[in-house]
Number of protein chains: 2
Amino acid sequence: METCPKCSSNTSIIRAGMIRGKVRYHCKSCDFHFTKEHPEKSRPTKQIHTTIKDIAQVMGVSIATVSRALNNKSDISPKTREAIQKIALELDYNPNMFAKGFQRGETKTIGVVIPNIKRPFFAGVLSGIQEVANEHGYRVMICQSNESFETEVTNIQGLLASHVDGLLISHSKETTRFNQIKSLFDKGLPMVHFDRICTEVDTPKIRQEDFGGAYQLVEHLIQQGYQRIAILAGPTELLISQKRKEGYLHALKKHGLEIRPEYIHHGDFSKEFALASLDSWRQLPEPPDAIFAIHYLNAVEIIQYSKELGIQIPNELGIVGFGDEYLAEIVHPALTVFHLFPQKVGEVAAQMLFRVIAEKGNYKREDILVQGKLIIRKSSLKKPKG
Amino acid sequence: METCPKCSSNTSIIRAGMIRGKVRYHCKSCDFHFTKEHPEKSRPTKQIHTTIKDIAQVMGVSIATVSRALNNKSDISPKTREAIQKIALELDYNPNMFAKGFQRGETKTIGVVIPNIKRPFFAGVLSGIQEVANEHGYRVMICQSNESFETEVTNIQGLLASHVDGLLISHSKETTRFNQIKSLFDKGLPMVHFDRICTEVDTPKIRQEDFGGAYQLVEHLIQQGYQRIAILAGPTELLISQKRKEGYLHALKKHGLEIRPEYIHHGDFSKEFALASLDSWRQLPEPPDAIFAIHYLNAVEIIQYSKELGIQIPNELGIVGFGDEYLAEIVHPALTVFHLFPQKVGEVAAQMLFRVIAEKGNYKREDILVQGKLIIRKSSLKKPKG
DNA sequence: TATCTCTTCGTAAACGTTCCCGATAGGTGA
DNA sequence: TCACCTATCGGGAACGTTTACGAAGAGATA
C-alpha cells in the first residue's frame, strides 16, 4: 500500500490509472493525485562553464554582487570587487553570452548572408567584416546562399532565430522578391546591403565603383585605339551587371562609338559561356577587337582560350576585366583590371551596420561607393607603353 | 508629507537619506523604507520577434501547450496543434534560439577558428563546414586568428562565451602552447582539429595527405630526371611543414639521392622569402635543378621570378607545389601540383565534430587523412610527355 | 456508483544574467 | 539621542523556452 506524500495517510489511497508509463494514485482523504517517484538523481555531466552562481557560492556573496563586480558597476567596495575578480580568474569564468544576450535583448552577434565564401571577393569582404566586428566586440555568423533564393530565405530565417543584432546582406543571383527582408526592415532590424544590393528596401547600401570602373576600363580601351569593344556581362537581373554595362555604354557614347547589340552578351559567368561568346563573336563579319569581361575569371578564361586559338593579345584582341588582382597579375599576358577592394567593402559595411545599431533606427540613410582603381597591364596595351 | 505604501500611515514618515538620486523615506510605525516612484511606464520598442507567449495569448491557451504544438510533442490534440501552428505561421513566429539554447544547454552553433578566411584553402574548408552544419541544423561562427596566437586565444574565449556546442580548430603559425584547448578538452568540450592540428591533445584530427603528397611530387621529379631537388618549406614548427618535408626526405632516400641541408629552406611563405631562397640557391656551386614548394603561392612566385631571370622552366628548373588548382592552371608554364580538396576537409571535419557531439564523450578517437591527387603539368615535365 | 483509464491541458521550475529596489551598517551633525 | 546620510550588499523579477508533474474531464469497466 502506498503513502500519500501530502497527508501521509496510507489508508485512503486508490489507484488512479496510468500516466507517462507510471502508476498513478489518488488520496481520497486529501484529494491529491501522485505517482511513484524514481530515486534517480545523478548529475554526472562535467561542467564546462563556471557561472556567477559558482563564484557567489565560493565567495559567500550574492550573485548580484558578483555581477556588479564583474561588470565594474558601482555599489560595490573595491575590496570585494577585486576579490571576486580574482576568484573569477581562478575559476576560469567567462560569461555566458547566451544568458546575457537573452536577458538584455541583444546578442552581440551579427549575421552575414553572402552567395559564396569561396569567391575571393566575398572572402575579402568577410575578412573586413570580421575585423570591424571584433573591434566592436561582436561575433559574426556567416551563411552562404549558394546563389539560391530558397537557401537565402532559410538562412536569414535561421540568423533571425539566433537573434542577431543586425544583418549584412549580399543577395543571390536568383533573388528578385524582397518581402522577407522588407518586413524585417519594417520591424526595425538593423540591416545593411553590400555589393548585390536591393533597391526596394530603404537600407544603407555599400557598393563598389561599378559604373565608374567600367567606364574607366572601356575608356582606356578606346584610348588604346580599340574600336569594336564587346562586353561579357553577367545575368541581366544582377545589379552589378547592369551598372557595369551602363558604364560600358556610357563610355562608348561619350567617345562617339557605335553601340552594337551583337557585342553585348549576358551570361552566367561560367567558363562555357565565356568561350562560347568568344566563338560566336569571331564568326561575325566584324569581330570585336577588344573584350570587356565584367568578371575577372571570364577575362582570364578568354585569355587562355585566345592563346589556344592563336589570337594575339593585346594586338589582335584587347582584354580587360573587373576584379581580383593576384590572378590578373599571374596570367600571361597580365590582365588589365579595375581593382576592387573587397576588404574595404566589408569594413565599410560593418561600420555602417554598427552605426545603424547604435543610432537605434533614427539614423540617416546613406549610400557609400567604395572606390576602386584602374590597373593597366599588358592585355590591353596596344600602343607601346608611355 | 509622504504616505507609507505599506501601512498607509502618513504621520511617522521621516527622510532617510538619498539613494540613486532619489529621496528615501522611512516609516517608523511599520519599519519600512521606500522611495518616491516615478510614473514612467512607456514601452515604445517595436517588437521584432513573436514569442510563444504572444501565441498563447492569441489562442487563449498556456505557453506549455504552444510549446508542445510547435515541437510536435505528444500530449496535445491534433486540432489544437494545427490551430496553433497556423497562428504561429500567421504571426511569423520563429523560435528564439537563445532562449532555447539557454534552457537546453545547447546552442546549435559550432565555432570555427582558422588563420585566415582569404586563403582559398580555408575558404574551401569553410564552405564544406557550412554545408554539413546546415544539414545538421547548426549555425557556424567563424573567427580568424590572422596567424596570431593571442588573437586565437581571444577568439576561442569568445566562442566559448557564446557557448558553442563544438569547436573546429586549425591553429595559427604562432601557436605552440595548447593549455587553453587542453583544458577545454578535459572539460569535455567537443573539438576536432584539422589541417594545422595539435598533437598534444587527444582530439580527432582531420589531415590532408601531406606526407604522401610530398612523396609523390618529389618522386615524380626524380622520375623526370631531376637530381638536385630543393624544398621551400614553411615554418619549422608547423606540422604540415614537417610532414611535407618528411615526404620529401623519404622520396630522396628511397631513390638513393643525397640529402643536402643547403637545399632545405624554412621560411614564412612570404614572397620575399621565396625569391631570396631562389637567389641564394643559384649562388651555390651546384644549384638545384628542381624546387618543391610546399605552398603553391611560393611555387607560382618562383615561376614568375624565374621568367624574369631568364631561367627555362621546366628544362633548367623543375617546379612543383602543393595546393590550389585554378591558379596552378593559369600560370605559365602550368604548375604541377598535388591537389588537395579543401571542401572535403571541411565536410569531414564537421561530420566528425557532429559525431563527437552526438556520442557525448564516449566516442572512439579517430584520425582521418583526406586523400589528394597528383596533377602533372608542364612545370615539371622535363621529358617529353608520354 | 465506485473505480480505473486515457487524453489533454495548465502550473511552475529551471537555465544564467542583469537590474530595480529595499535592507543594513556604520557614519555625521545637531 | 534623534534625524539624516552614504556605501555596500541581498532579494527577486524578468527574459523565452522546455519539461516534469499534477488537474480536469470524459469514457470504460465493474
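Residue numbers begin at 1 in each chain, while the letters A, B, ... track the order of the sequences.
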Task: Length of the CZ-P vector between A:R81 and D:dT8, whole Å - done: 9 Å
TODO: In whole angstrom, give the distance that lies between atom CG of B:D75 and atom P of D:dA23.
DONE: 15 Å
Open item on the list: From the set C:dA23, C:dT5, D:dT17, return the single nucleotide nearest to any side-chain atom of A:A16.
Closed with: C:dT5
TODO: Tell me which of A:D31 and B:M18 sits closer to the 5' end of DNA chain D, going by the nucleotide each one is nearest to.
DONE: B:M18
Open item on the list: On DNA chain D, does the nearest nucleotide to A:F34 precede the nearest nucleotide to B:N96 from the 5' side, or the other way round? Give the residue.
Closed with: B:N96
Open item on the list: Is there, by distance only and without an angle test, a donor paired with an acceptor across the side chain of A:R104 and the base of C:dG16 below 3.5 Å?
Closed with: no
Open item on the list: Is the shortest side-chain heavy-atom distance between B:Y25 and B:R15 below 4.5 Å?
Closed with: yes
Task: Side chain of A:F32 (C-beta onward), nearest among C:dC4, C:dT17, D:dG22 - done: D:dG22
Open item on the list: If the cut-off is 4.0 Å, is B:K53 near the phosphate of D:dC15, judged by side-chain N/O to OP1 or OP2?
Closed with: yes
TODO: Could you check which of C:dT5, D:dA23, C:dT17 has an atom nearest any side-chain atom of A:I52?
DONE: C:dT17
Open item on the list: Categorize B:K79 for me: base, sugar-phosphate, or nothing, with a 4.0 angstrom heavy-atom threshold over every strand shown.
Closed with: nothing
Open item on the list: From CZ of B:F98 over to C1' of C:dT18, roughly how many Å is that when rounded to an integer?
Closed with: 16 Å
Open item on the list: Over 60° means perpendicular and under 30° means parallel, so tell me whether A:H33 and A:H26 are parallel, tilted or perpendicular.
Closed with: parallel
- [ ] Please find out if less than 6.0 Å separates the ring center of A:F98 from that of B:F98.
- [x] yes
- [ ] Identify whether any heavy atom of B:H33 sits under 4.0 Å from a base atom; if not, whether one sits that close to sugar-phosphate; answer base, sugar-phosphate or nothing.
- [x] base
TODO: Spell out yes or no: do the side chain of B:R24 and the base of C:dA23 have one donor N/O and one acceptor N/O closer than 3.5 Å?
DONE: yes
Task: Under 4.0 angstrom between B:K22 side-chain N/O and C:dC21 OP1 or OP2 - done: yes
Task: Taking every non-hydrogen atom, the tightest pair across B:N94 and A:A161 - done: ND2-N, 3.9 Å
Open item on the list: Students often get this wrong, so: under 4.0 angstrom with heavy atoms, is B:S77 touching a base, only sugar-phosphate, or nothing?
Closed with: sugar-phosphate
Task: Spacing of A:F102 atom CZ relative to D:dT17 atom P, expressed in whole Å - done: 8 Å
TODO: Take atom NZ of A:K100 and atom P of C:dC15, then tell me their distance rounded to the nearest Å.
DONE: 19 Å
Open item on the list: Could you tell me how far apart A:E106 (CD) and C:dT18 (P) are, to the nearest whole angstrom?
Closed with: 11 Å
Task: Sugar-phosphate, base or nothing in reach of A:Y25, heavy atoms under 4.0 Å - done: nothing
- [ ] Measure from CD on A:Q103 to P on C:dA14 and round the result to the nearest Å.
- [x] 19 Å
TODO: Give a yes/no answer on whether the side chain of A:K73 brings an N or O atom under 4.0 Å of OP1 or OP2 in C:dT18.
DONE: no
Task: Side chain of B:T65 - closest among C:dT3, D:dT8, C:dC9 - done: C:dC9
Task: Residues A:T151 and A:T154: side-chain donor-acceptor under 3.5 angstrom - done: no
Open item on the list: Under 4.0 Å, heavy atoms only, any strand: does B:I76 hit a base, just the sugar-phosphate, or nothing?
Closed with: sugar-phosphate
TODO: Check whether any side-chain nitrogen or oxygen of B:T80 sits under 4.0 Å from OP1 or OP2 of C:dC9, and answer yes or no.
DONE: yes
Open item on the list: Whether B:S67 contacts D:dT18 is assessed here as follows: a side-chain N or O lying under 4.0 Å from the phosphate OP1 or OP2. Is that the case?
Closed with: yes
Task: Length of the CG-P vector between B:D54 and D:dC15, whole Å - done: 11 Å
TODO: Would you please indicate yes or no on a ring centroid separation below 6.0 angstrom for A:F178 and A:H171?
DONE: yes
Open item on the list: Once you measure the plane-to-plane angle for B:F102 and A:F102, does it fall in the parallel (<30°), tilted (30-60°) or perpendicular (>60°) bin?
Closed with: tilted
- [ ] Could you say whether B:R68 or A:A64 is positioned toward the 5' end of DNA chain C, judged by the nucleotide with the nearest heavy atom to each?
- [x] B:R68
